[in-house]
Amino acid sequence: MWGWDSWKADVALAYFHPELAKNNLRALFDYQIKSDDDVRPQDKGAIIDAIFYNQDSPRGGEGGNWNERNSKPPLSAWAVWKIYEETNDKKFLKEMYPKLMDYHRWWYANRDHDNNGVAEYGSMVSDANWKTDEEGKVIKDEQGQAVLDEEAVIEAAAWESGMDNATRFDKEGSGKSDVGVKVFENQRDGEVIGYSINQESVDLNSYLYAEKGFLKLMATELGKNEDKKKLNDDASKLKKYIQENMYDKDSGYFYDLQINEDGSKTKLLVNRGKGTEGWLPLWANIATDKQAKNVKNHMMDENKFNTYLPFPTASKDNEKFNPDTYWRGPVWLDQALFGVEALQNYGFDSEAMESIKKLFNHAEGLMGNGPIHENYNPLNGKGRSTKNFSWSAASYYLLYKNSMLSKHPTTQDAFK
């Protein structure tokens, strides 16, 4: 099980099998890092990327797929709230709330390099991040310390985003004024506790803003008034920051923000092109009406995102766009769902419906008996990668139930 894969499936499961949805959530949180953890106590609150039947060697197992080098985008509070809306199970809410708060705090304790309340993707301290020789032995410096492999950390950060090979994580960057993706050490009391890359990603911070909204709704239900106030205050600051620093007025779109070591210098990464991350501020209800209108225009442009099958993960005019290369062009249904709900949040209902119809009618086999694929070619609708893919199925279900049959997006409304 992977983190955000499961949470997307759980939002759909909540409508027809809420007990399974609850147990899916519990399965991942069973391995939430505690303060007395034997391997990484510095990561208290973290949810690891993936759990499998066998744990990895630091945990005493032999599993090669178990991964706690990185986390995944914070969508667990979204899933818990959707389950609560369907079940009204306050006992479940009480069970999950403190765990969700620990996870939320972890992002700011371990992934906010310059402590400005805006997080970055990165990596945990992990043996997988050390340079090795041809025999697989760890390379050490003159002081006998393992040498960090920055490319491994960048890979972990991209995995943490869930968008593994997206163009915005290319190490070399794009253009002369782009220093590329760099790695910063995050320290606490003189000890390295993890790493951040040198960019504040707009999708991550939109997810975190939305999470504050869902957590605020939970805090209200549970009478956690101090938490509610802090979530309100922090959300207001984050919203202002994203509106003012992650939006480019000239191109009318949201982008990641490159930072330097102390956060004193920033560069909006317009040069790396547009991706689906740019409409997450609309999904999270962060954007101003004017910003949302401009983003909508890009989303509905046939030379950008309104392709035969709409919402490719890289805009068609991105110089690195490739319709068949994983997160560099294919349509992933979770991002399409977020795109439709983003349009609905700002009243672009006709555009949302136009997109929904294309998503259903132009995906290979969907209206017949074909399998639901992991992703699709945006130019011809051909199914790609894994067949019978969980979050694609969940996204189509949510699009049908909440966006086609009614206007009831799954997005947070605590700060509307």
Side-chain angles (χ1 to χ4, degrees), residues 4 8 11 73 75 161-168 202-203 206-207 251-255 272-284 287 292-318 320-346 348-364 366-367 372-385 389 391-400 402-404 409-411:
W4 78 332
K8 293 166 196 169
V11 172
L75 289 169
S161 79
M163 300 175 68
D164 303 350
N165 68 335
T167 62
R168 60 198 169 114
V202 67
D203 55 333
S206 295
Y207 291 134
S251 63
Y253 205 68
F254 287 93
Y255 305 87
R272 295 190 191 170
K274 299 177 185 67
T276 58
E277 65 277 358
W279 59 68
L280 265 297
L282 280 66
W283 180 80
K293 183 178 179 180
N294 289 333
V295 171
K296 178 266 296 181
N297 290 339
H298 290 292
M299 295 174 72
M300 302 311 296
D301 187 330
E302 292 182 356
N303 294 313
K304 294 177 182 175
F305 291 106
N306 191 12
T307 45
Y308 175 77
L309 192 72
F311 304 145
T313 43
S315 175
K316 190 179 175 183
D317 67 352
N318 186 318
K320 294 181 178 179
F321 169 80
N322 187 317
D324 287 312
T325 305
Y326 226 48
W327 287 93
R328 303 171 83 86
V331 176
W332 288 76
L333 273 302
D334 63 321
Q335 301 299 302
L337 168 67
F338 295 154
V340 168
E341 293 191 326
L343 292 170
Q344 289 183 310
N345 279 345
Y346 286 83
F348 304 122
D349 297 335
S350 62
E351 291 87 349
M353 188 57 69
E354 174 189 334
S355 302
I356 292 168
K357 290 179 179 179
K358 291 175 73 173
L359 286 165
F360 275 85
N361 290 322
H362 292 175
E364 180 187 21
L366 191 75
M367 300 304 287
I372 297 177
H373 285 259
E374 185 172 359
N375 50 64
Y376 292 84
N377 183 302
L379 305 183
N380 58 29
K382 295 290 185 183
R384 300 188 66 265
S385 303
F389 194 70
W391 90 42
S392 296
S395 298
Y396 268 122
Y397 178 77
L398 294 168
L399 281 168
Y400 180 72
N402 293 337
S403 297
M404 183 183 286
T410 65
T411 51

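Just so it is clear, the values below take in all heavy atoms, side chains as well, and ignore hydrogens, waters and symmetry mates.
Interatomic distance, W327 CH2 to T313 OG1, rounded to the nearest 0.5 Å: 6.5 Å. Considering NZ of K320 and CG of N165, their distance stands at 11.0 Å, rounded to 0.5 Å. With rounding to the nearest 0.5 angstrom, the CZ atom of F321 is 7.0 Å from the NZ atom of K316. One finds the CG atom of L309 at 8.5 Å from the NE2 atom of H362 (value rounded to the nearest 0.5 Å). Annotation: the span from W332 atom CH2 to F389 atom CZ amounts to 5.0 Å, rounded to 0.5 Å. Rounded to the nearest 0.5 Å, atoms CG (N345) and OG1 (T411) are 3.5 Å apart.
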Yes or no on side chain to side chain contact (heavy atoms under 4.5 Å, CB included) for Y346 and L282, after CA distance, side-chain angles and deciding distance?
-> CA-CA 8 Å; Y346 286 83; L282 280 66; 3.8 Å; yes

Start with the C-alpha distance between S395 and D334, add both sets of side-chain angles, then the distance that settles side-chain hydrogen bond (donor to acceptor under 3.5 Å, both in side chains), and finish with yes or no.
-> CA-CA 6 Å; S395 298; D334 63 321; 5.7 Å; no

Go through the steps to decide whether F360 and Y396 satisfy the test ring pair (Phe, Tyr, Trp, His ring centres under 6.0 Å), and finish with yes or no.
-> CA-CA 8 Å; F360 275 85; Y396 268 122; 5.1 Å; yes

Stepwise side chain to side chain contact (heavy atoms under 4.5 Å, CB included) check, M300 with E354 = CA-CA 9 Å; M300 302 311 296; E354 174 189 334; 3.7 Å; yes

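P73 approaches S161 most closely through the heavy-atom pair CG-O, 3.1 Å. Shown here for V340 and S355, the closest heavy-atom pair between the two residues is CG2-CB, 4.3 Å.
D317 is not listed as a side-chain neighbour of N303, based on a closest heavy-atom distance of 4.5 Å or more. In this structure, the side chains of H298 and S315 stay at 4.5 Å or more apart for every pair of heavy atoms. Residues S385 and Y326 meet the side-chain proximity criterion, which asks for heavy atoms closer than 4.5 Å. Here the side chains of N306 and D301 are not in contact, with every heavy-atom distance at 4.5 Å or above. At least one side-chain heavy atom of L333 sits less than 4.5 Å from a side-chain heavy atom of L359. Residues V11 and T410 have side chains in contact (heavy-atom distance under 4.5 Å, counting atoms from C-beta outward). The shortest distance between side-chain heavy atoms of Y376 and P330 does not fall below 4.5 Å. No side-chain heavy atom of F311 sits less than 4.5 Å from a side-chain heavy atom of F338.
A search for salt bridge (Lys or Arg N to Asp or Glu O under 4.0 Å) contacts involving D349 returns K407, not counting sequence neighbours.
A salt bridge links D203 with R168: the distance from a Lys NZ or Arg NE/NH1/NH2 to an Asp or Glu carboxylate oxygen falls below 4.0 Å. Between R384 and E374 there is no salt bridge, since none of the side-chain N atoms of the basic residue sits less than 4.0 Å from a carboxylate O of the acidic one.
In this structure, K296 forms a cation-pi arrangement with F348, its terminal cationic atom sitting closer than 6.0 Å to the ring centre and no more than 45° off the ring axis.
Side chains of S403 and Q344: a donor-acceptor N/O pair is present below 3.5 angstrom, by distance only.
Other residues, nucleotides and ligands place more than 12 heavy atoms under 6.0 Å from the NZ atom of K358.
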